A.B. asks: 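Got a structure here, written out as structure tokens. Questions coming.
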Amino acid sequence: MSRPRNESKFRLFMQENSLTLFTVTGVFIGGLIGFIIKNSTGPWTKREIMYISFPGELFLRMLKCLIVPLLVSSITSAIGGLDLSMSSKIASRSIIYYLLTTISAVILGICLVTTIKPGQGAKIEATHIESVDKASKVLTPDTLMDLVRNMFTDNIIQSTMFQYRTEIFENTTISPPLPMEEWDFKGAQREGSNVLGLVMFSVILGTTIGRMREKGQLLQDFFTTLSEAMMTITSWIIWISPLGVGFLIAAKIIEMDSIASTVQSLGWYFMTVMLGLFLHGFGTIAVIFFLGTRHLPYRYFAKLSQVLATAFGTGSSSATMPLTIKCLDNLGIDPRVTRFVIPVGATINMDGTALYEAVAALFIAQVRNINYSFGTIVAVSITATAASIGAAGIPQAGLVTMVMVLDTVGLEPKDVSLIIAVDWLLDRFRTTINVMCDALGTILVNHLSKKDLQKVDRLNAEPHELLELGANGHDTKE
Ligand code: ASP
């Protein structure tokens with residue numbers, strides 16, 4: 001008797017968790033194949049690596065293609081479906097969570113890097129990277145102002161493809177050279193969606209539709225249906241994730257430099273960031289989650305593992321967003337909460353990135369033997385928070401916004417090249433933490449908003465009930 005029962009339990013478990021198991025297996029098999037190929041055959045050319053990553057690239061392209069329509073339709077329909085007071089309650093709870101977790105991540109990073117001092121006495125060679133040279137010609141005020149400019153987009157169609165960026169030109173013909181403040185500058189458009197602008201626009205559009213009531217119903221239905229259609233496509237793409245993630249990881253491992261030499265020079269730095277991410281993900285977030293819900297979050301980890309594996313494989317919170325929403329829907333989280341907290345969180349809430357920015361800036365200061373005061377540490381905390389908000393949810397975006405944090409410590413922006421060797425790997429881990437914090441934040445905000453949402457549902461149902469009663473009454477009279 002007990003055997004068939006066990007068998008059916010096993011079958012049920014497999015039915016519910018097969019995709020998660022496949023994706024996690026995809027990560028391990030991809031990693032294993034990558035290591036075997038890397039160690040058994042000679043160096044691989046860029047083209048050969050491109051062939052290997054091709055299936056993964058296709059998976060990534062499919063996910064990326066959903067980002068803009070999903071982001072706009074989800075936020076607009078979520079906010080449009082709520083009244084102003086309810087959406088501001090959800091928004092303020094989310095923003096308090098984002099700020100609380102980001103600031104605690106930065107503080108944790110600073111505590112670790114100043115205690116462990118991974119940069120003291122380290123001898124590291126800087127790698128010359130062209131993109132870093134380009135990024136170096138940026139001033140902190142420009143980076144911050146570009147962030148705000150991007151929030152207030154002047155062209156919503158353009159925002160789906162480009163983002164604003166100030167470019168600075170140094171006049172090298174003048175001697176003595178002009179100070180940076182006197183360099184010429186102009187606004188330019190950089191490739192990549194302006195997600196901040198799209199989020200802001202969708203919030204405002206959703207609020208307006210909500211206020212228009214019946215008149216806005218057509219638009220509300222349109223965005224709700226679009227969001228549902230995107231989720232249906234996501235549920236198809238999800239089935240490719242084990243293969244996609246596996247190929248992406250295998251290609252990345254074949255491409256990377258010798259691990260041994262990297263670990264030798266950057267080992268302590270790597271370990272400090274990893275320890276920080278671990279303590280933040282499993283400690284700080286768990287405490288915040290417990291205080292809000294009276295439950296520990298660990299039981300959700302297994303359920304989120306498919307999303308976490310995808311975040312690790314793609315190194316992109318934005319690309320993982322459709323899967324995160326789908327997974328939270330499956331967990332029974334209210335879609336009105338998920339569709340606001342996840343897209344906004346994937347754009348501005350990056351705890352792992354914030355922690356890494358703080359650690360990396362002070363690590364580079366230690367390598368360069370620069371003494372930093374308490375005032376500098378406070379400035380690093382603020383700029384690291386801003387840098388994580390400004391970083392796009394794409395691979396290694398944190399490295400670009402790091403320039404701003406380095407400027408705070410009085411370091412040359414080019415010094416980011418000191419940590420570039422391990423950045424791709426750290427990026428995977430910090431993206432996983434970014435995505436995990438967004439998902440747990442959604443569960444927390446959902447818990448805190450449950451009663452309010454039920455009240456909204458009751459109030460929405462009442463007019464219909466009255467209407468039905470009225471209609472019934474009329475019918476009876478006739
Ligand atoms: N790759 C990270 C993300 O998408 C951003 C970063 O830290 O570079 O969340």
Side-chain angles (χ1 to χ4, degrees), residues 56 59-61 63-64 66-68 70-71 98 101-102 105-106 108-109 129 131-132 135 143 147 150 163 190 192-196 198-199 245 248-249 252 269-270 272-274 276-277 280-281 285 304 307-325 341-361 363 383-406 416-417 419-442:
F59 166 64
L60 211 54
R61 290 173 77 91
L63 283 180
K64 279 186 183 168
L66 295 178
I67 298 173
V68 172
L70 181 61
L71 184 112
Y98 298 151
T101 53
T102 306
V106 170
L108 176 64
I129 309 277
S131 61
V132 173
T143 315
L147 203 74
N150 277 322
Q163 38 184 280
R190 186 177 51 182
S193 315
N194 167 14
V195 181
L196 274 181
L198 293 174
V199 166
V245 169
L248 283 174
I249 290 185
K252 200 71 210 177
Y269 159 70
F270 184 81
T272 310
V273 179
M274 288 299 288
L277 293 178
H280 183 73
I285 293 294
L304 290 172
V307 172
L308 303 182
T310 309
F312 185 81
T314 58
S316 166
S317 336
S318 297
T320 315
M321 185 179 75
L323 302 194
T324 318
I325 297 181
V341 186
I342 290 297
V344 178
T347 313
I348 64 170
N349 184 42
M350 298 193 184
D351 298 358
T353 307
L355 184 140
Y356 140 87
E357 301 259 359
V359 173
F363 166 76
T383 43
T385 307
S388 72
I389 294 174
I394 54 171
Q396 292 186 278
L399 199 65
V400 179
T401 54
M402 171 92 77
V403 171
M404 189 165 74
V405 194
L406 290 183
V416 291
S417 53
I419 50 164
I420 228 152
V422 283
D423 198 69
W424 74 269
L425 189 54
L426 282 180
D427 180 43
R428 306 283 159 140
F429 287 105
R430 64 183 190 252
T431 309
T432 310
I433 293 294
N434 291 346
V435 170
M436 188 178 105
C437 294
D438 290 342
L440 292 179
T442 313

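Please read these numbers as outputs of a predicted model, since none were measured by experiment. Numbering of ligands and ligand atoms starts at 1, following listing order.
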A.B. asks: Got a second to check how far His280's NE2 is from Leu355's CG, nearest 0.5 Å?
C.D. replies: 7.5 Å
A.B. asks: Which protein residues have a heavy atom under 4.0 Å from ligand 1?
C.D. replies: Gly315, Ser316, Ser317, Met350, Thr353, Ala392, Gly393, Ile394, Pro395, Gln396, Ala397, Gly398, Asp427, Arg430, Thr431, Asn434
A.B. asks: Between Lys252 and Asp427, is there a side-chain N and carboxylate O pair less than 4.0 Å apart?
C.D. replies: no
A.B. asks: Using the rule side chain to side chain contact (heavy atoms under 4.5 Å, CB included), only one of Leu440, Asn434, Val435, Ile433 pairs with Cys437; which is it?
C.D. replies: Ile433
A.B. asks: To the nearest 0.5 Å, tell me how far Thr431 OG1 sits from Leu308 CG.
C.D. replies: 11.5 Å
A.B. asks: Would you check if there is a donor-acceptor pair between the side chains of Thr324 and Asp438 at a distance under 3.5 Å?
C.D. replies: no
A.B. asks: For a 4.5 angstrom cut-off between non-hydrogen side-chain atoms, does Tyr98 reach Val341?
C.D. replies: yes
